[in-house]
Amino acid sequence: MNVLSPVCETHGYAWLLAFDFDGTLVIPDEDPPVHPQFFEIIRRMRASHKVLWGINTGRSLMQTVQGIGEARFPFLPDYIIAREREIYTPNDFGRWVGLSDWNKRCDNEHGKLFRKCRRLLKCIRKWVEQETGAIWGMQDGEPAGIVASTATEMDYIVKKLDQDLQDTPMLCYQRNGIYLRFSHRDFHKGSAMAEVARRSDLDADRTFAIGDSHNDLDMLDLTLAARIACPHNACEEVKSRVLSSGGYVARGVASVGAIEALRSAFSLED
Ligand SMILES: [Mg+2]
């Protein structure tokens, strides 16, 4: 189902559901990577609650599509937000198509920002390469990213970045465990999710979001999603945000936690 399609407007979605991928919905090394009951619940909620459901991830689109295949999803999500900011929907043939105006704007703004901050990013890169064991650049097409060797090392790097970026409020970063991607302040999991909601004629009151890592904090925000949750394996910062916002911290890990959170948020029966 395409959020741009006129079909969607006549369909009248009542809820937007946003799921982080790794650690929230999927544990790639487990068998099965997603608890099968998750898909049963989504199937039921599509009819009972008219939900539009999708993945909101730090993975690239290609990595996400690959992950969906490996995790043997029985049907496709209605949308994918990739690299925390790019929005894609499947066409009638299941091929993923970018929301061109949003994705183009996102690309342009990042290009402009990285050009403007070239000198600062160069200094940060030098520091990272000289003072830490981390690697600069995380994948092809990623102009500025860091992969640390441990989470503790990334804690150390992030402390330094928080100081270095103080005077450039437009330049932010998205952290997921040992991975970090520099980004524009206006494009993150929260703003991209809100854009999907806006195009689907939904708002924060009609949005549910669940995630487990630092880069999920932008969508675990009550101004963008009235119902928020995290699985048991979420990092401490996420758990504390969800708890202090009156959200749901699941007892189950990953998809088992997501199932639990959906049941709690929508008072679903077993
Ligand atoms: Mg995650």
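Counting convention: from 1, in listed order, for ligands and their atoms alike.
- A salt bridge links Arg199 with Asp101: the closest approach of a Lys/Arg side-chain nitrogen to an acidic carboxylate oxygen falls below 4.0 angstrom.
- Protein N/O/S atoms closer than 2.8 Å to the Mg ion (ligand 1), listed by chain and residue number, are Asp20 OD2, Asp22 O, Asp212 OD1.
- No donor-acceptor distance shorter than 3.5 angstrom exists from the side chain of His49 to the backbone of Val51, with no hydrogens or angles considered.
- Arg85 and His184 are not linked by any side-chain donor-acceptor pair at a separation below 3.5 angstrom, with hydrogens and angles left out of the test.
- Judged by distance alone, the side chain of Ser213 and the main-chain N or O of Asn176 form no donor-acceptor pair under 3.5 Å.
- Partners of Ala250 according to the side chain to side chain contact (heavy atoms under 4.5 Å, CB included) rule, which considers only residues two or more places apart in sequence or in another chain, are Tyr248, Glu260.
- Between the side chain of Thr24 and the backbone N or O of Asp212 there is at least one donor-acceptor pair closer than 3.5 Å.
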